[in-house]
Amino acid sequence: MESKIHGIEHSYFEIKRLISAIAAKYPFVGVSNIGKSSAGREIPVLTLGATGDFTLFIAGEDPSCRITTLMLLKFIAELSEKILAGEQMCGINIRKAMFGRGVAVLPLINPDGYEISLRGENGCGHMAQKISKLCGGDFSKWRSNLRGVEIWRNFFPGFEQRRCEEKNLHITGPRFEGFSGYRPESEPETTALADFCRNKNVRQIINLSAFGQTVMYSGNPVAPPRSVKMAEVMAAVSSFTVTPPFSNADFFLGDWFTYEFCRPAISVKIGSGSAPPCSELTYWYARLRELLTLSCLF
């Protein structure tokens, strides 16, 4: 089966087919689901290597940045190919370097928002009329899940402060973006991700999103010892800047992960001014290929 990842728009079902093609070509890649979205769509995870100690890569939280989903699938496909062939990747003997290490990839953590943003009414199901009203008929600007909660804002700590800020902006309920929900981890997507991290030995998380061409690291309450060096190396190989914790106003997942586990959480922001289109996959993957490879080995 073909597992090559092309820089074109893919629906949720096409993403699932790409995942199946990768699993068929590389039987040592595990595929399962960490849970289901509000609309009942499965949230897939791909695993490779030692499952007792791994780096977790996450994408697809922002439906406008669909290129990140393709980038992670392209990465795990190439990583698998290099391991199978015993070839180097970014000058590294990847089979040897990955010994005792593992990788988990969550390529699409917000499948409902992804489908709404991409397919409009056809991605909304029975909620089409309500969602159309919430976004003024412009489905492309949808950043939330099906229930109108921006899932990255649905984590503790800082939840109550965010809710107060939202109320000052007259955001009091479900919306196309900016609503944190009524309580932390109220959404099936955030619950699934949090439970996965709590039940697995996740060494660090790497989150891909838009935009800014920067590498951010969480420091809540303090930055774990490896965080600064990781961010510096990742920024250097991609020609990005490093954003320290004091300005991580929108890295709520990372704050939660570092707060709960005292382990590194890194956010890699791509694009300039907006999320890059999928047609730029080749360019952005080439730019982040070494960053992603090194992320497995820290």
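Position 1 is the first residue of the sequence; numbering continues from there.
The shortest heavy-atom contact between E81 and Y26 is OE1-OH, 2.6 Å. Scanning both residues, F298 and M234, for their nearest heavy atoms gives CE1-CG, 3.9 Å.
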For side chain to side chain donor-acceptor pair (under 3.5 Å), just list the numbers for S209 and E61, CA-CA rounded to whole Å, side-chain angles, deciding distance to a tenth of an Å, and then say yes or no.
-> CA-CA 8 Å; S209 61; E61 134 270 338; 4.5 Å; no
For ring-ring contact (aromatic ring centres under 6.0 Å, His included), just list the numbers for Y12 and Y114, CA-CA rounded to whole Å, side-chain angles, deciding distance to a tenth of an Å, and then say yes or no.
-> CA-CA 7 Å; Y12 167 75; Y114 183 100; 7.8 Å; no
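For the atom pair I5 CD1 and K74 NZ, the distance stands at 7.5 Å (nearest 0.5 Å). For the atom pair L281 CG and T69 OG1, the distance stands at 11.0 Å (nearest 0.5 Å). If you take SG on C65 and CH2 on W284, they are separated by 9.5 Å, rounding to the nearest 0.5 Å. In this structure, F155 CZ and F252 CZ are separated by 11.5 Å, a value rounded to the nearest 0.5 Å. Here the OG atom belonging to S64 is positioned 12.0 Å from the CG atom belonging to L118, to the nearest 0.5 angstrom. Between atom OG of residue S295 and atom CZ of residue F75 there is a gap of 7.0 Å, rounded to the nearest 0.5 Å.
Salt-bridge formation is not detected for the pair K36/E189: no Lys NZ or Arg NE/NH1/NH2 atom is positioned less than 4.0 Å from an Asp or Glu carboxylate oxygen. Residues E160 and R163 are not paired through a salt bridge, judged by the lack of any N-O separation under 4.0 Å between the basic side chain and the carboxylate. Taking a cutoff of 4.0 Å between a charged side-chain nitrogen and a carboxylate oxygen, R95 and E87 do not qualify as a salt bridge. Salt bridge K141/E177: absent, no basic N to carboxylate O contact under 4.0 Å. Using a 4.0 Å cut-off between a side-chain N of Lys or Arg and a carboxylate O of Asp or Glu, D195 and R198 qualify as a salt bridge. Salt-bridge formation is not detected for the pair R143/E150: no Lys NZ or Arg NE/NH1/NH2 atom is positioned less than 4.0 Å from an Asp or Glu carboxylate oxygen.
Checked against side-chain contact (heavy atoms from CB on, under 4.5 Å), M127 has the following partners two or more places apart in sequence or in another chain: K130, I131, L146. Under the rule for a side-chain contact (heavy atoms from CB on, under 4.5 Å), the partners of T258 that lie at least two apart in sequence or sit in another chain are S218, P224, A265.
In this structure a side-chain-to-backbone donor-acceptor pair under 3.5 Å is present from R101 to A97. The backbone N or O of V202 lies less than 3.5 Å from a partner atom in the side chain of R263, making a donor-acceptor pair. The backbone N or O of E187 sits less than 3.5 Å from a side-chain atom of T191, completing a donor-acceptor pair. Without hydrogens or angle criteria, N154 side chain to S186 main chain gives a donor-acceptor distance under 3.5 Å. In this structure, E115 contributes its side chain and C124 its backbone to no donor-acceptor pair below 3.5 Å. A donor-acceptor contact shorter than 3.5 Å is absent between the side chain of S117 and the backbone of G113. With E14 contributing its side chain and S11 its backbone, the two residues share a donor-acceptor pair below 3.5 Å. A donor-acceptor pair under 3.5 Å is absent between the side-chain atoms of T172 and the main chain of K167, judged by distance alone. Of the possible donor and acceptor atoms, none in the side chain of R203 sits under 3.5 Å from a partner among the backbone N and O of G102.
Side-chain contact check for V242 versus T214: every heavy-atom pair is 4.5 Å or farther apart. Counting heavy atoms from C-beta outward, I116 and E121 have side chains that stay 4.5 Å or more apart. You'll find the side chain of T55 reaches within 4.5 Å of the side chain of F57, heavy atoms only. By the 4.5 Å heavy-atom criterion applied to side chains, L208 and M71 are counted as neighbours. Contact annotation: the side chain of I151 never approaches that of R153 to less than 4.5 Å [non-hydrogen atoms, C-beta and beyond]. In this structure, the side chains of L108 and P111 come closer than 4.5 Å at one or more pairs of heavy atoms. Between S20 and V31 the shortest side-chain heavy-atom distance does not fall below 4.5 Å. Counting heavy atoms from C-beta on, the side chains of K25 and L84 never come closer than 4.5 Å.
A tilted orientation is assigned to the rings of F54 and F196, their planes being inclined by 30° to 60°. Aromatic ring pairs are classed by plane angle as parallel below 30°, tilted from 30° to 60° and perpendicular above 60°; the pair F179 and Y182 is perpendicular. Note: W256 and F261 have perpendicular aromatic rings, judged against thresholds of 30 and 60 degrees for the angle between ring planes.
Neither side chain, N110 nor R41, offers a donor N or O lying under 3.5 Å from an acceptor on the other.
Transitive grouping of hydrophobic side chains (ILVMFWY, heavy atoms separated by less than 4.5 Å) keeps F99 and V29 in distinct clusters. Note: the hydrophobic cluster containing I8 does not contain Y283 (ILVMFWY, side chain heavy atoms under 4.5 Å, direct or indirect links). Placement of F159 and L193 in two distinct hydrophobic clusters is found when ILVMFWY residues are connected by side-chain heavy-atom separations under 4.5 Å, directly or transitively. One hydrophobic cluster holds both V105 and I266 under the rule that ILVMFWY side chains link at heavy-atom gaps under 4.5 Å.
Taking the ring centroids of F156 and Y259, they lie under the 6.0 Å cut-off.
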